Amino acid sequence: MSLVDPLGIYGLWLRDVKRFLRTPSQIIGSLTFPLMFLLFLGFGFSGAAIPGLPEGVDYLQYLVPGIMGFTMLLGASFAGLAILSDQDVGFLKEILVAPVSRTSIVLGRIAGGSTTAIVQAVLILVLSIPLGFELAGWLSIPLAAVFLLLIAITFVGFGIALASQFSDSEGFGLIVQFIVFPLFFLSGAIYPIEGLPGPVQYLALINPLTYGVDGLRAALVGASTYSPVVDFGALVISSIVMVSVGAYLFERVETV
Amino acid sequence: MDAIRVEGLTKEFDAVTAVDGLSFAVEQGEIFGLLGPNGAGKSTLINMLVTLLDSTSGTARVNGYDINDETGDVRDSLGIVFQEPAVDEELTGAENLAFHARMYGKRKAEREQRIPEVLELVGLADEADQPVESYSGGMQRRLEIGRGLMHEPAVLFLDEPTTGLDARTRRDTWGYIQRLNEQSDVTIVITTHYMDEADFLCERVAIMDHGEIVAVDSPESLKDSLGGDVVTLGLENSSRELFARLDEQPWVREHTETEEGVAVTMAHGDTRVADLVRLADEAGASIASVDLRKPTLENVFLSLTGSTISEREASVADRREEDGEDRTTAEAAEVAE
């Protein structure tokens with residue numbers, strides 16, 4: 001078994017994509033939450049003076065990349081959940097007994113989970129345009145794609161690492177909410193982290209989503225707290241770490 | 001070369017020894033049965049052979065490959081149908097097969113040739129593009145069996161293949177399994193706790209109890225080892241004369257007086273009923289009833305282990321309840337199953 005098996009990875013990816021496309025209710029359901037945040041926060045705070053907002057950027061412009069980051073978090077937790085629901089229905093055994101390395105399985109799941117998460121984040125972006133969101137320019141799209149990909153790899157890897165520590169989907173579903181929301185609120189997605197108390201700011205600084213959202217903002221809005229190079233570097237590191245941790249922990253999953 | 005050769009294979013879960021130093025071999029092309037009650041260690045053994053579970057000690061070779069050192073080759077060599085369904089219900093039958101084929105490294109050309117073949121083999125050609133959630137239990141089972149054969153393995157493992165199926169579907173599934181074995185000469189290993197299933201399907205059966213194999217042989221030889229068939233003649237009058245004549249017959253292995261008459265043990269009882277009736281006639285005994293009983297694997301299990309399969313399963317369940325507080329033991333026993 002080679003460590004990286006492209007055909008196996010492709011098979012896993014294709015399965016995730018097919019399942020995603022076949023359940024429109026799930027696509028709509030997964031967008032509802034981020035869309036509500038976008039609408040209520042976007043309009044509720046549209047005229048408010050929020051301290052720390054970059055010069056000349058109105059709140060909706062600030063918010064959209066943050067909500068895209070949030071959508072990525074939800075998509076990634078869904079990918080973790082998919083592993084456990086495969087385990088619930090017995091399909092995980094079919095995957096694990098195949099002559100495909102665990103690393104390839106993790107890579108296949110990251111590919112599938114990232115694709116569906118990115119599609120959802122892009123849908124949020126498209127839906128925000130009629131609400132008044134303006135892209136900084138055409139270069140925004142490829143730049144944002146790079147950041148979306150890195151966010152996806154980081155958090156789907158994290159979702160897999162976390163899922164491998166659970167034996168059923170129920171426990172995971174509960175825990176994941178207590179992880180998704182702190183990550184979201186401590187990422188500068190809906191307000192600048194400078195407003196947070198000192199020690200809490202440090203938590204935001206070790207949160208990869210902070211750099212993900214900042215990078216998206218740099219790409220889409222043209223304004224960011226850190227240099228996009230810093231964001232890019234931080235996300236590359238977090239991607240490598242999370243894929244390694246996910247592969248390491250998934251390697252040790254007992255199946256029977 | 002044997003399809004499977006197991007040497008001293010052992011699996012311990014904490015305090016429980018689920019599989020205890022097993023050694024046996026499965027010949028190429030045969031249907032081999034692992035028969036025993038739930039909790040006997042059958043699934044644990046299978047899970048080790050298919051490389052999903054590491055052994056505590058001992059080893060095994062599947063298709064000549066070592067399960068500890070040549071995991072990839074072992075996996076390539078085997079197909080498995082798990083006890084619990086393991087299909088993706090949101091995908092169609094053909095898509096489930098395509099997924100499997102990709103995982104086993106089959107390129108597009110091979111897939112396009114093999115998928116319709118397999119669907120035809122398991123009689124699902126017409127339902128190929130239906131989502132699996134619309135399949136009946138028997139259809140899902142057939143799809144899984146077909147999927148297990150997708151990559152043309154040397155050995156196909158079927159873990160309790162008919163559990164949860166109704167009587168008719170079970171019969172049909174047996175038919176499919178036999179035909180597959182004949183057509184593709186794949187070696188098939190079945191675990192089951194159904195005596196009739198092992199008897200009907202398997203060329204050889206290993207009887208398992210408490211993680212050990214207590215006997216391996218063909219169902220016929222196993223049953224024959226009990227001494228043969230028993231014909232019971234109900235007699236209206238006790239007849240010393242008949243007993244004397246039975247003593248003279250070389251084919252009578254044993255005869256005992258019972259309340260209603262006499263029980264006679266012999267090989268091939270069905271061909272001897274006429275002789276018995278003639279003997280009774282000659283001895284002046286009048287026959288009220290004739291009853292022929294062939295030993296079953298259930299009788300074999302009983303004589304080898306001292307209890308029936310259902311008693312064993314009940315006692316396993318009891319033990320688990322008693323051990324309620326001792327979580328590790330209870331969990332280990334469950335895993336062992």
Side-chain angles (χ1 to χ4, degrees), chain A residues 1-27 78 81-109 111-112 116 164 167-168 250-256, chain B residues 11 13 18 43-44 46-54 65 70-92 95-96 98-108 110-111 131-133 140 144 147-148 150-151 153 157 159 331 334-337:
Chain A
M1 291 187 288
S2 53
L3 198 61
V4 176
D5 172 349
L7 191 58
I9 294 171
Y10 171 69
L12 287 159
W13 173 82
L14 190 64
R15 169 173 177 253
D16 277 352
V17 171
K18 278 186 173 166
R19 286 171 62 98
F20 179 73
L21 292 176
R22 238 162 250 182
T23 41
S25 59
Q26 184 204 312
I27 303 174
F78 189 81
L81 199 62
I83 288 189
L84 289 166
S85 61
D86 272 350
Q87 187 157 357
D88 293 346
V89 302
F91 196 75
L92 190 60
K93 280 187 176 180
E94 151 77 359
I95 298 173
L96 293 183
V97 82
V100 172
S101 69
R102 293 279 178 107
T103 303
S104 296
I105 295 171
V106 167
L107 291 176
R109 299 233 78 141
T116 56
S164 66
S167 55
D168 64 74
F250 189 70
E251 187 80 34
R252 274 141 198 85
V253 169
E254 288 255 339
T255 39
V256 281
Chain B
K11 181 68 188 181
F13 296 103
S43 291
T44 305
I46 293 271
N47 282 327
M48 284 192 284
L49 293 179
V50 303
T51 74
L52 281 181
L53 202 58
D54 290 331
Y65 300 112
E70 295 165 293
T71 316
D73 290 320
V74 170
R75 290 180 180 188
D76 268 326
S77 306
L78 65 89
I80 177 161
V81 177
F82 294 103
Q83 191 167 347
E84 307 290 333
V87 280
D88 188 332
E89 297 202 337
E90 286 182 35
L91 300 183
T92 68
E95 284 169 343
N96 265 286
F99 174 82
H100 184 90
R102 286 191 191 96
M103 295 296 278
Y104 284 77
K106 300 279 172 248
R107 301 272 153 202
K108 193 179 168 94
E110 263 181 289
R111 289 201 301 272
V132 173
E133 59 195 348
Q140 284 198 14
E144 288 189 273
R147 184 178 66 184
M150 190 66 207
H151 54 287
F157 290 93
D159 196 1
E331 271 163 15
E334 258 166 58
V335 176
E337 208 191 300

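Everything numeric in this text was worked out from a predicted model, so none of it was measured. Lettering of chains follows the sequences in order, A, B, ..., and the numbering in each one begins at 1.
- No part of A:Ser104 comes within reach of chain B, as not one of its non-hydrogen atoms sits under 4.5 angstrom from that chain.
- Here the options are A:Leu7, A:Val100, A:Asp5, the test is side-chain contact (heavy atoms from CB on, under 4.5 Å), and the partner is B:Met103; only A:Val100 passes.
- Within the 4.5 angstrom heavy-atom criterion, only side-chain atoms of A:Leu14, from C-beta onward, approach chain B.
- Neither the backbone nor the side chain of B:His151 comes within contact range of chain A; no heavy atom of the residue lies under 4.5 Å from a heavy atom of that chain.
- B:Leu91 touches chain A through backbone and side chain together, each having a heavy atom under 4.5 Å away.
- Counting heavy-atom pairs closer than 4.5 Å to chain B, the top residue among A:Val97, A:Ile95, A:Val89 is A:Val97.
- In this structure B:Phe157 satisfies the ring-ring contact (aromatic ring centres under 6.0 Å, His included) test with no other residue, sequence neighbours excluded.
- Salt bridge B:Glu90/A:Lys18: absent, no basic N to carboxylate O contact under 4.0 Å.
- In this structure, A:Phe91 has its ring center under 6.0 Å from that of B:Phe99.
- Among A:Ala98, A:Pro6, A:Gly11, the residue making the largest number of heavy-atom pairs under 4.5 Å with chain B is A:Ala98.
- Listed by chain and residue number, nothing satisfies the side chain to side chain donor-acceptor pair (under 3.5 Å) test with B:Glu70 (two or more places apart in sequence, or in another chain).
- Only the side chain of A:Arg22 comes within less than 4.5 Å of a heavy atom of chain B; its backbone N, CA, C and O stay farther away.
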